[in-house]
There are 2 protein chains.
Amino acid sequence: MDITLASHRGEIPSTVQVVRKPTMRDVADVAGVSLKTVSRVVNMEPGVDDHTAARVEGAIARLAYRRNEVARNLRKGISLALIGLVIEDLANPFYATVARTIEDVARRHGYAVVMASSGEDPEREREVTTGLLQRGVQGLLIVPAGSDHRYLYADRAMRTKAVFLDRPPALVEADSVVLDNIVGARRGVEHLIAHGHRRIAFVGDPPMVQTSVERAEGYRQALKGAGLPVDEALVRLGTPRVDLAEASTRQLLALQDPPTAIFAQNNRNSVGALRAIRALDARVAFVGFDDFELADMLPVPATVVGHDPAEMARAAAELLFGRLAGDQRPPQRIVIPTKLIARGSGEIVPPSPRGVDFSRRLRR
Amino acid sequence: MDITLASHRGEIPSTVQVVRKPTMRDVADVAGVSLKTVSRVVNMEPGVDDHTAARVEGAIARLAYRRNEVARNLRKGISLALIGLVIEDLANPFYATVARTIEDVARRHGYAVVMASSGEDPEREREVTTGLLQRGVQGLLIVPAGSDHRYLYADRAMRTKAVFLDRPPALVEADSVVLDNIVGARRGVEHLIAHGHRRIAFVGDPPMVQTSVERAEGYRQALKGAGLPVDEALVRLGTPRVDLAEASTRQLLALQDPPTAIFAQNNRNSVGALRAIRALDARVAFVGFDDFELADMLPVPATVVGHDPAEMARAAAELLFGRLAGDQRPPQRIVIPTKLIARGSGEIVPPSPRGVDFSRRLRR
DNA sequence: TTGAAAGCGGTACCAA
DNA sequence: TTGGTACCGCTTTCAA
């Protein structure tokens, strides 16, 4: 049932099976009508004889013809109206919310969103971003993994507007919407200090991740501000996955002189840390950056440094669409505030080695 | 600093500010070079005099020229390599996992994924799907909300391959990958019956949703199989959101003759039901369809009818790419099995009004 | 009712 | 090093 597509433009007809996708021209040839007639049938324009239309439809079916939307859009002057979203991991609830919100804003602006996961790998970030650019996205929302985004502007041909989300751009000037990481982390750790903790561990992502660095900085600021030493044995950077965070936390809790409180740097680390605490039935305080579903339903409800991922995503998306609409202001940097949500786990007081009962004191 | 773009093709130059996007032709005119030279500069082809290149780049900057990727792709014969994913709500962890897995498979096949949320609204499903088709996606993965998908095949011009996910297509023949809903729900309810429950409530989505109907059917089968009556007062269909599911469950628990066990139809309903149970401190058994993060960390770990969303997504995506590669088999229907995961909440026995201690009996 | 030809905005080949 | 011209696959205009 193979139909060999004739080569056009006066070439000698190929005897080799042509793998080229059938075009409207091919359909026209097979149906024995003109190109325009096929176009009419395909687009359901009125004024085509039923009999003719049937012949054309037969040809379409036989060739399994599909209209080339690229050519169509070019001719109609239609832009693809696509924006790209480069994200670390869609399955992370934080990013899922971000993605959903962006999709929402985009749809209201008549745009669709192409997603690409970087998997926290700079190489792959670059790869997928390039892929998005080749597909002609009008703008880009990026949660960067890389440490050099000059490649975005290397090609003068595609001066794509980009807004960076959650983390700032590296080595380029661009819009960004980020969380107030240092202050948020500092407040979270200060909260633990206020409840009597002196040995507070930090469980976080690798130091290549900017948010990790900033939150660790907030952690250090809090300790220093209270005149407490920073024990590097209690700082674990490099646990981007739940299972690794759990392992890290287990190690921390097994130390000779274990921490009495844990600060986890994001929702993934939080879940891991909480699993370790639960598994070891350890009586340690806990505060995590990022809120997460069911945090309030745990046996000891989790105290978190909360924020609104949707607000962040909305701000970034609106910024991008502003740029697409011609906004010429210098690069903006929007900082989204955080808010400590005390639920119980952060209010656990440390055991008192010197017989001082902090818990009684704090309960008033 | 506005530069009026001359109208070409012999038209009288417009005095009105032209809003048309600048083309390579415009850049060439401004720079005083040929079209081809601009193309060389834009694509960084070697062999352009530095001085000439500088002039071209100046013109590009002044006009804020951007290469038209649609035209480029047409000429280069490049397909957009896009597939569309129509999903209910990206923020639902179940769909987030699905989306992420699909993105993964697509990337391995060299494709990118355009996402669109239907928000469980048939009208919007149709709208966003049409949008995806206009953007030239090669294939479609759909978690359908609508009850009539003939619109997908109304236009002979775009015979897009579609694979339906989680729910079957309506009124059209197409591939689908679904969960074993009836059996899964039946097993979950049977599990509750085996632990002595006779009044089991069902908390589920509206009956327009196919999965809801099937899971309710499994629920009924289980009851009937055990010779138990189906009390329609205990069946709540229509709670697609966490807060609504919580309200529904509160009502159920406030009944004169309340249920001793709750079966929730998906992860959203589960979270809502568990919130209600927790808030009322009710001692009822619970089993939910869909596993969810932290289910095992709750005060009473949640028993669920689990399954692998990633497996489902992978199967659907591979099916689609098979079709894109020319797979001509008749429409497939793949059913993904479920598995009961007992964690505690489903093993709670009902209070025994007649003094029969089920708990002792069941504990052996 | 049907068709011929121009052109959407680029790229490719070949000539200058 | 630079430019002319055909052409990617479709829609549009106008004529037959």
Side-chain angles (χ1 to χ4, degrees), chain A residues 5-11 18 20-29 31-56 60 63 65-80 133-136 155-158, chain B residues 5-11 18 20-29 31-56 60 63 65-80 133-136 155-158:
Chain A
L5 304 176
S7 296
H8 308 298
R9 332 251 173 224
E11 287 170 30
V18 177
R20 176 171 59 80
K21 286 201 202 126
T23 70
M24 227 172 228
R25 176 78 258 150
D26 298 318
V27 176
D29 289 350
V33 298
S34 82
L35 179 63
K36 177 63 208 179
T37 299
V38 177
S39 175
R40 287 200 179 90
V41 173
V42 160
N43 295 301
M44 306 210 252
E45 285 172 31
V48 179
D49 185 85
D50 283 355
H51 203 261
T52 313
R55 273 223 315 290
V56 171
I60 287 174
L63 293 173
Y65 166 76
R66 290 199 45 205
R67 178 171 66 197
N68 182 329
E69 297 294 326
V70 174
R72 171 172 226 252
N73 287 334
L74 171 60
R75 180 59 238 237
K76 298 203 98 168
I78 293 173
S79 131
L80 253 17
L133 292 175
Q134 281 171 355
R135 289 181 173 86
D155 192 340
R156 269 157 265 53
M158 28 177 149
Chain B
L5 303 176
S7 296
H8 307 299
R9 334 249 172 225
E11 287 172 29
V18 177
R20 175 171 60 81
K21 286 201 201 124
T23 71
M24 227 172 227
R25 176 78 257 152
D26 298 317
V27 176
D29 290 349
V33 296
S34 81
L35 178 64
K36 179 63 208 178
T37 298
V38 178
S39 174
R40 287 200 179 90
V41 173
V42 161
N43 296 300
M44 306 210 253
E45 285 172 32
V48 179
D49 185 84
D50 284 353
H51 203 261
T52 312
R55 274 224 315 290
V56 171
I60 287 175
L63 294 173
Y65 167 77
R66 290 198 47 205
R67 178 171 65 197
N68 181 329
E69 298 293 328
V70 175
R72 172 172 227 251
N73 287 335
L74 171 61
R75 178 60 238 231
K76 298 204 99 168
I78 294 174
S79 133
L80 253 18
L133 292 175
Q134 280 171 356
R135 289 181 173 87
D155 193 340
R156 268 157 262 56
M158 26 176 153

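Hydrogens, waters and symmetry mates are skipped; everything else that's a heavy atom, side chains included, is used. Chain A is the first sequence line, chain B the second, and so forth, proteins listed ahead of strands; every chain is numbered from 1. Since we're looking at a predicted model, the values are computed, not measured.
For B/D49, the side-chain atoms get nearest to D/dT1 when compared with the rest of D/dC8, D/dT1, C/dG10. Nearest to the side chain of A/Y65, among C/dC8, D/dC10, C/dG10, sits D/dC10.
Put simply, CZ on A/R25 is 14 Å from P on D/dC7, counting in whole angstrom units. Spacing between atom CZ of B/R66 and atom C1' of C/dG10 amounts to 14 Å, rounded to whole angstrom units. One can place CG of A/D26 at 9 Å from P of D/dG9, the figure rounded to the nearest angstrom. As rounded to whole Å, 15 Å separates atom P of D/dC8 from atom NZ of A/K21. For A/N73 and D/dT11, the CG to P distance is 10 Å, given to the nearest whole Å.
Rounding to the nearest 0.5 Å gives a distance of 15.0 Å between CZ of B/R135 and CZ of A/R135. One finds the CG atom of B/L74 at 11.0 Å from the CG atom of B/L80 (value rounded to the nearest 0.5 Å). Within the model, atoms OH of A/Y65 and NZ of A/K21 stand 11.0 Å from one another, a figure rounded to the nearest 0.5 Å. Atoms CE and CZ, on A/M24 and A/R72 in that order, are 8.0 Å from each other to the nearest 0.5 Å. To the nearest 0.5 Å, the span separating CZ on A/R55 from CG on A/D49 amounts to 9.0 Å. Atom CG of B/N68 sits about 14.5 Å away from atom CZ of B/R75, to the nearest 0.5 Å.
Between B/L74 and B/D50, the residue whose closest nucleotide on DNA chain D is further toward the 5' end is B/D50.
Nearest heavy atom pair, residue B/R40 against residue B/V48, reads CB-CG2, 3.6 Å.
Among the heavy atoms of the strands lying under 4.0 Å from B/G47 is at least one base atom, whether or not backbone atoms are also near. No engagement by A/V70 is indicated, since no non-hydrogen atom pair under 4.0 Å with the nucleic acid exists.
Between A/T37 and C/dG3, a side-chain N or O to OP1/OP2 separation shorter than 4.0 Å is present. Taking side-chain N and O atoms only, A/S34 has a distance below 4.0 Å to OP1 or OP2 of C/dG3.
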So which protein N/O to nucleotides 11-15 of chain C N/O distances come out below 3.5 Å?
unit_1	atom_1	unit_2	atom_2	d
C/dT11	OP1	B/N43	OD1	3.4
C/dT11	OP1	B/N43	ND2	3.3
C/dT11	OP1	B/R72	NE	2.8
C/dT11	OP2	B/S39	OG	3.0
C/dT11	OP2	B/N43	ND2	3.1
C/dT11	O2	B/R75	NH1	2.9
C/dA12	N7	B/K36	NZ	3.0

